[in-house]
Amino acid sequence: MTDAPYVDRRALWRRRLGDLIFGLETPLARNYDKALIGLIVVSVLAVVVESVSGLPLPLRLLLRDLEWGFTLLFTLDYLGRLLGARRPLHYALSFYGLVDLLTILPSFVSLLLPGSQYLLVVRALRLLRVFRVFKLARYSDQASLIGEALQASREKITVFFIAVLTLVTVFGTTLYMIEGPQNGFTSIPTSIYWAVVTVTTVGYGDISPKTPLGKLIATLAMLMGYAIIAVPTGIVSAGLQEAQEARRQGRTCPQCGLTKHDPDAHYCKRCGENLPG
């Protein structure tokens with residue numbers, strides 16, 4: 001039994017709006033994406049500048065006005081995506097849909113929490129506007145390729161992470177028993193922190209072993225850190241090769257997983273989702 005093809009029941013104006021916002025087939029759609037990328041970059045720069053203390057009052061007022069302008073434009077973009085999407089709920093609950101929502105919520109929340117006791121909370125919420133930088137990944141074909149590679153390698157990365165977590169736990173517990181509180185290893189969590197810093201070759205130096213045996217264990221941890229540092233690189237590189245090969249053989253629908261679409265296809269022939277690439 002084969003799945004029935006997806007039937008698009010959107011009104012004509014909604015289909016045209018979806019083609020403008022989600023598509024790249026027309027010069028107008030490409031210019032829309034370019035303009036949106038520019039707005040995202042400028043808005044993130046405004047957030048960064050706003051965090052600087054001692055700014056003149058006129059500049060702060062200008063940044064505030066700019067932020068509300070950005071919020072209005074991104075709100076219109078979000079509403080347009082909801083109206084133009086083939087499956088509005090699927091878009092709203094997707095990663096990019098949630099990011100789009102997070103980019104506009106902080107400014108509106110600040111209107112609902114005007115009390116002075118909430119100022120710090122509002123400030124923290126407004127910092128979520130930096131999430132707009134994640135919107136840039138939507139417009140990069142190479143970013144989607146990396147996403148596919150990470151998705152394909154998630155099990156290997158999980159196993160590697162568990163192995164490293166086990167390793168630093170063993171090293172940390174060992175140094176706690178050897179060095180003890182008198183040398184700064186006051187608890188097993190503190191010793192695991194030292195192990196993480198050592199294995200990752202960061203080496204802050206705020207805690208270090210003092211005994212010969214502790215130094216020997218630390219040396220082994222550092223050497224092992226250099227040995228394992230190439231493992232995630234190899235995993236992701238292999239995932240990138242697999243993702244590139246999968247694209248050569250046929251694009252995969254990110255929604256239903258159907259493969260081997262026609263080279264000139266823009267939508268999945270099973271569920272109607274936009275195809276990558």
Side-chain angles (χ1 to χ4, degrees), residues 44-45 47-53 95-96 98-99 102-103 106 118-137 140 142-244:
V44 172
L45 289 176
V47 173
V48 174
V49 173
E50 189 184 15
S51 67
V52 178
S53 59
F95 171 76
Y96 287 121
L98 294 175
V99 168
L102 280 174
T103 62
Y118 299 115
L119 285 178
L120 291 178
V121 177
V122 173
R123 181 68 177 175
L125 287 172
R126 288 174 65 83
L127 292 178
L128 291 177
R129 291 173 295 171
V130 178
F131 269 93
R132 289 171 186 165
V133 75
F134 288 103
K135 289 163 66 74
L136 290 172
S140 173
Q142 296 305 312
S144 65
L145 183 63
I146 294 174
E148 293 172 16
L150 292 175
Q151 181 74 10
S153 308
R154 64 186 183 279
E155 294 181 357
K156 297 175 184 177
I157 294 174
T158 301
V159 171
F160 172 76
F161 179 77
I162 293 174
V164 172
L165 187 61
T166 303
L167 186 67
V168 297
T169 301
V170 171
F171 275 128
T173 304
T174 303
L175 262 293
Y176 172 72
M177 292 188 297
I178 294 174
E179 297 291 328
Q182 66 273 15
N183 290 327
F185 294 81
T186 56
S187 65
I188 290 181
T190 301
S191 302
I192 291 176
Y193 157 77
W194 166 86
V196 171
V197 171
T198 302
V199 170
T200 55
T201 70
V202 175
Y204 288 132
D206 51 346
I207 305 174
S208 59
K210 303 297 188 296
T211 66
L213 183 57
K215 292 179 180 179
L216 176 62
I217 300 297
T219 301
L220 293 176
M222 286 181 269
L223 292 175
M224 193 161 293
Y226 278 111
I228 66 176
I229 199 169
V231 174
T233 305
I235 292 175
V236 176
S237 298
L240 282 171
Q241 282 188 330
E242 293 176 2
Q244 288 175 332

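Since the model is a prediction, treat every value here as computed from it, not as a measurement.
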Inset, instruction - Would you mind telling me which of T190, T198, N183 makes a side-chain contact (heavy atoms from CB on, under 4.5 Å) with I207? - result: T190
Legend entry - Inter-residue atom distance I188.CD1 - T174.OG1, 0.5 Å rounding: 9.5 Å
Inset, instruction - First locate atom OG1 of T200, then atom CD1 of I228, and finally report the distance between them rounded to the nearest 0.5 Å. - result: 9.0 Å
Legend entry - Over all atoms of both residues, closest heavy-atom pair of A195 and G172: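 The pair with the smallest heavy-atom distance is CB-N, 3.9 Å.
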Inset, instruction - Compare every heavy atom of F171 with every heavy atom of V199, then report the nearest pair and how far apart it is. - result: CG2-CD1, 4.3 Å
Legend entry - Atom CD of Q182: over 12 foreign heavy atoms under 6.0 Å: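 More than 12 within 6.0 Å, yes.
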Contacts under 3.5 angstrom, residues 156-170 side chains, donor-acceptor by atom type, not counting sequence neighbours:
| from | atom 1 | to | atom 2 | distance (Å) |
| --- | --- | --- | --- | --- |
| T158 | OG1 | R154 | O | 2.7 |
| T166 | OG1 | I162 | O | 2.8 |
| T169 | OG1 | L165 | O | 2.7 |

Inset, instruction - Could you tell me which residues satisfy ring pair (Phe, Tyr, Trp, His ring centres under 6.0 Å) with F185, sequence neighbours excluded, listed by chain and number? - result: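 Ring pair (Phe, Tyr, Trp, His ring centres under 6.0 Å) list for F185, sorted by chain: W194.
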Legend entry - Any residue meeting side chain to side chain contact (heavy atoms under 4.5 Å, CB included) with Y204, in chain and number order, not counting sequence neighbours: Y193, V197, V202, D206
List the atom pairs, donor and acceptor, that lie under 3.5 Å between side-chain atoms in residues 209-219 and the rest of the protein, sequence neighbours left out.
| from | atom 1 | to | atom 2 | distance (Å) |
| --- | --- | --- | --- | --- |
| K210 | NZ | S208 | O | 2.9 |
| K210 | NZ | S208 | OG | 3.4 |
| T211 | OG1 | E179 | OE2 | 2.5 |
| T211 | OG1 | G214 | N | 3.1 |
| T219 | OG1 | K215 | O | 2.8 |

